[in-house]
Amino acid sequence: MKLELIDIAIFTIYIIGIVALGLYASKQSSKSKRDYFLAGDKLPWWMIGGSIIAANISSHHLVGAMGAAYDRGFVAITLEWGAILIGFNALLWIFLPFYIRNGFYTVPEYLEKRFGTSARVLYAILILFTYIFVEIGAVLYLGGLTLHALFDVPIFYSIIGMALLTGLYTILGGLKAVIWTEMVQLVILVLGGLVLTFATIDKAGGFGAIVESSKDWKMFYPANDPDFPWTMYLGGLLCISVFYCATNQFIVQRVLAAKNEWHGRMGVIFGDYLKFFVPLIITIPALVAPAFLPALEQPDLLFSTLVKTLLPNGLIGLVMAGLISAIMSHISGAINSCTTILTVDVYSEYINKNATDEQAIRFGKRSGVAIIFFGICSAVLLLSYSDKPIFLYLMNLYGLFTPGIATMFLMGVFWKKTKSQGALAAGLLTIPLSLIMEFTFPEMPFFNRTGIVFWTCMIVCAVVSLLFKPKSELELNGLVIEYGKGGGIPKSEQIYKDIKNPTLWWAIITAAVLYFYVRYF
């Protein structure tokens, strides 16, 4: 496909503009470690929610999730809306107070206070590998694949270019540069998505095509469905959603940077609204596209096919800017999360405990360079395994470690008798048990396998914990829910009522999501 001058101009102006904004934001950062890694704890609710979704939505949604919806139907949206009902609720009502009121920089800090340094290190190791191979490597690969399909740009050069441009302002500016650029990228992503959505609806015959498609919408499939069994809500989707939304540094770091707890809560709720809206932009085109693309051999190529066949000159540049926005915002968030964990949980704890803020920031920037290098290597490595759908690759990788991490946090918060030995047993068991399940029961739906591993980790954690003496009440203060005693954590600084009441806005979006689940049961 040949790009016209106007598309090249729009695309180029966008890339230059976003890098310039990131570099400008980097100049506004102080030399404070908290300013570099947590934007100085000054983020308002709208920036928190916007950046959460900008970081979350990426090429594996625009390409992978759209292809999944084309192939399997409306049920594909449950992976996104399930996060509203499960993961973000866990963050909002369970974990957020523990994180903010303890003043943590990173999520692993909670594990250290609850279970000791071993749990913190185990989390850091698991999560860093995941960020490099999934959040950075796979996203770079998918972006390069799409640019190659559209414009015949070599995948390798696309990967290098996206990684270096994003890494430039992310490393120099820290979280502040990441947040500033993510807000612009979210707007471009939504605009580009809307353009493609309306163009697809128009080609399919107008909004009547949506009504016709809705007759086949279904959100619960049989337990033996290979991709979306209803049993996923009992274990697989439960643990993945809790991990990704509530215990994942990549997402939670934005909440840790909130002005105060109210802004943190409202930020998560605003993210719920965006999480409800943005997946519709991705899913609706896939559901009506069969009206004029009835037999696409590779569902993952739906995005690039729609861009090629439907968009006029000028709008192609905007939609591609939206794709690059999704990729760059996701990568920048992952790089920043990696550098934060490496600096706070590794460097400041084991390498230089007396490090000044300047030394910590310098280490963070250098580790960012290393993360980009390994991310590029992992993306290039995927070129050798491109015969399988990349979305399945991502989900299977998440399933390797999420059961153990979700267990450590859930058992740590809900049950005061959970001991470090139990938590470590669950964390160490998750990868080998997941691999055993995958090779022993290859035909079993992925979510069911993950669910079995999750509940096995929970049982092992409980049994091992009972073998050891629990911590004292004083040691657990502010780290465990105390039933009937106000949650076991200090009261919030201020109670908001009426229109500022987070519960009101939470109830509205939750009711909207539940309506769809009931309507298309």
Side-chain angles (χ1 to χ4, degrees), residues 56-87 138 142 145-146 193 196-197 200-201 204 209-238 240-241 244 275-306 386-399 438 441-451 513 516-521:
N56 173 223
I57 302 296
S58 189
S59 54
H60 59 275
H61 290 86
L62 291 176
V63 179
M66 185 177 284
Y70 176 87
D71 187 44
R72 297 306 313 274
F74 193 66
V75 68
I77 208 169
T78 58
L79 297 181
E80 301 304 314
W81 285 359
I84 299 176
L85 298 179
I86 302 174
L142 265 178
L145 186 67
T146 304
L196 190 60
T197 297
T200 308
I201 293 172
I210 301 178
V211 176
E212 186 63 28
S213 169
S214 68
K215 296 177 182 178
D216 299 321
W217 289 3
K218 190 172 176 61
M219 299 187 74
F220 288 90
Y221 280 15
N224 62 350
D225 186 88
D227 301 312
F228 301 99
W230 69 266
T231 49
M232 65 185 182
Y233 290 98
L234 303 178
L237 186 61
L238 173 65
I240 290 176
S241 189
Y244 193 87
K275 190 72 167 171
F276 176 78
F277 175 65
V278 174
L280 283 174
I281 299 176
I282 297 170
T283 304
I284 294 298
L287 298 177
V288 300
F292 59 92
L293 289 173
L296 198 62
E297 290 186 8
Q298 289 182 274
D300 283 349
L301 293 179
L302 176 63
F303 176 83
S304 57
T305 302
L306 292 177
S386 55
D387 57 317
K388 294 184 178 181
I390 200 69
F391 201 67
L392 297 179
Y393 163 83
L394 295 177
M395 296 306 295
N396 274 278
L397 268 185
Y398 277 130
E438 184 170 353
F441 305 102
E443 300 302 318
M444 182 183 291
F446 157 75
F447 280 113
N448 289 349
R449 293 200 309 264
T450 303
V513 175
F516 277 88
Y517 272 89
V518 174
R519 173 66 178 81
Y520 299 106
F521 182 86

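Since we're looking at a predicted model, the values are computed, not measured.
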Q. Just wondering, do Ile77 and Met219 contact through their side chains at under 4.5 Å, heavy atoms?
A. yes
(Q) As an exercise, state the distance from CZ of Phe441 to CG of Asn448, rounded to the nearest 0.5 Å. (A) 12.0 Å
Q. So which heavy atom on Pro445 is nearest to which on Asp225, and how close?
A. CG-O, 3.1 Å
Q: With rounding to the nearest 0.5 Å, note down the distance linking CG in Leu196 to CD1 in Ile282.
A: 10.5 Å
Q: Go through the steps for Leu280 and Thr197 under the test side chain to side chain contact (heavy atoms under 4.5 Å, CB included), then give the verdict.
A: CA-CA 9 Å; Leu280 283 174; Thr197 297; over 6 Å; no
Q) To the nearest 0.5 Å, what is the distance between CE (Met232) and CG (Asp227)? A) 10.0 Å
Q: Measure across Pro285 and Thr200 and return the closest heavy-atom pair with its distance rounded to 0.1 Å.
A: O-CG2, 3.6 Å
**Q.** Trp81 and Phe276 aromatic ring geometry - parallel, tilted or perpendicular at 30°/60° bounds
**A.** parallel
**Q.** Between OG1 on residue Thr283 and OH on residue Tyr70, distance to nearest 0.5 Å
**A.** 15.0 Å
Q.
Between Ser213 and Ala209 (side chain of the first, backbone of the second, donor and acceptor by atom type, cut-off under 3.5 Å), is there such a pair?
A. no
Q) What closest approach, in Å, do Arg449 and Glu438 show between heavy atoms, and which atom pair accounts for it? A) NE-CA, 3.7 Å
Q | Side chains of Phe447 and Leu79 in contact at under 4.5 Å (non-hydrogen atoms) | A | yes
Q: Kindly assign one of parallel, tilted or perpendicular to the pair Tyr517 and Tyr233, based on the angle between their ring planes and the thresholds 30° and 60°.
A: perpendicular
Q: May I ask you to decide if Gly87's main-chain N or O and Ser241's side chain share a donor-acceptor pair within less than 3.5 Å?
A: yes
Q.
Given Trp217, which partner from the list Phe516, Phe521, Tyr520 fulfils the ring-ring contact (aromatic ring centres under 6.0 Å, His included) test?
A. Tyr520
**Q.** Heavy-atom pair with the smallest gap, counting every atom of Leu237 and Thr78
**A.** CD2-O, 4.2 Å
Q: Taking the side chain as every heavy atom from C-beta outward, state whether Met66 and Leu306 have any atom pair closer than 4.5 Å.
A: yes
Q | Nearest heavy-atom neighbours spanning Ala223 and Pro229 | A | O-CB, 3.2 Å
Q | Within-4.5 Å side-chain heavy-atom neighbours: Ile210 and Leu287 | A | no
